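Have a look at the structure below before the remarks.
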Amino acid sequence: MTAALTSLEIAGLIRDIALISFFVIGSIGLLVGLLLGLKFYRRTKNLMDRVDAGVDRVEAMVDSVDSTASTVRKTATSMNRGMRAGDFARSAFSSVLSRRGGDSDDSESK
């Protein structure tokens with residue numbers, strides 16, 4: 001005794017098989033996507049760590065250059081003031097010697 005299926009039952013079975021296949025393929029696709037996402041995250045995490053370390057090194061270098069520029073600026077200002085003070089002292093010394101009637105080294109070489 002074989003039981004014959006009606007066309008509605010056959011259509012229902014085909015629909016159930018199609019839905020089960022869709023959900024199984026969708027679940028497999030979701031797992032594959034999740035695994036690829038985790039793998040991509042690990043790689044980008046290492047890359048981002050290296051980029052952050054590089055940015056930290058560049059920031060330290062910029063701070064060092066800024067500090068050096070500040071030091072050079074202060075040194076140049078001090079040297080400029082020293083040169084002005086030396087020039088003033090030389091002219092004052094020359095004027096004192098010329099009032100005394102003494103010979104300076106510059107007048108001997110002329």
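All values derive from a computational prediction rather than experimental measurement.
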* Structure fact -> So CG of L35 and CG of L30: to nearest 0.5 Å the spacing works out to 9.5 Å
* Roughly how far apart are M61 CE and D56 CG, rounded to 0.5 Å? -> 12.5 Å
* If a pair satisfies salt bridge (Lys or Arg N to Asp or Glu O under 4.0 Å) and one of its residues is in residues 33-47, list it, with sequence neighbours excluded. => none
* Asked: Between T77 and R73, is there a donor-acceptor pair closer than 3.5 Å when you use the side chain of the first and the backbone of the second?
  -> yes
* To do: Can you run down the salt bridge (Lys or Arg N to Asp or Glu O under 4.0 Å) pairs that involve residues 77-87, sequence neighbours left out, and say none if there aren't any?
  => D87-R90
* From I14 atom CD1 to S7 atom OG, the distance as rounded to the nearest 0.5 Å -> 10.0 Å
* Asked: Looking at CG of D16 and CD1 of I20, how far apart are the two atoms once the value is rounded to the nearest 0.5 Å?
  -> 6.0 Å
* Asked: Please walk me through it: do T6 and I10 pass side chain to side chain contact (heavy atoms under 4.5 Å, CB included)?
  -> CA-CA 6 Å; T6 64; I10 292 173; over 6 Å; no
* Asked: If you measure from OG1 on T75 to CG on N80, what distance do you get to the nearest 0.5 Å?
  -> 12.5 Å
* Check the pair R50, N46 against side chain to side chain contact (heavy atoms under 4.5 Å, CB included), reporting the backbone distance first and the verdict last. => CA-CA 6 Å; R50 282 187 259 150; N46 291 336; 4.1 Å; yes
* Asked: Is a side-chain donor or acceptor of T44 paired with a backbone partner of F40 at a separation under 3.5 angstrom?
  -> yes
* For S94 and S91, indicate whether the former's side chain and the latter's backbone hold a donor-acceptor pair under 3.5 Å. => no
* Asked: Could you state the interatomic distance from CG (L31) to CG (L36), rounded to the nearest 0.5 Å?
  -> 11.0 Å
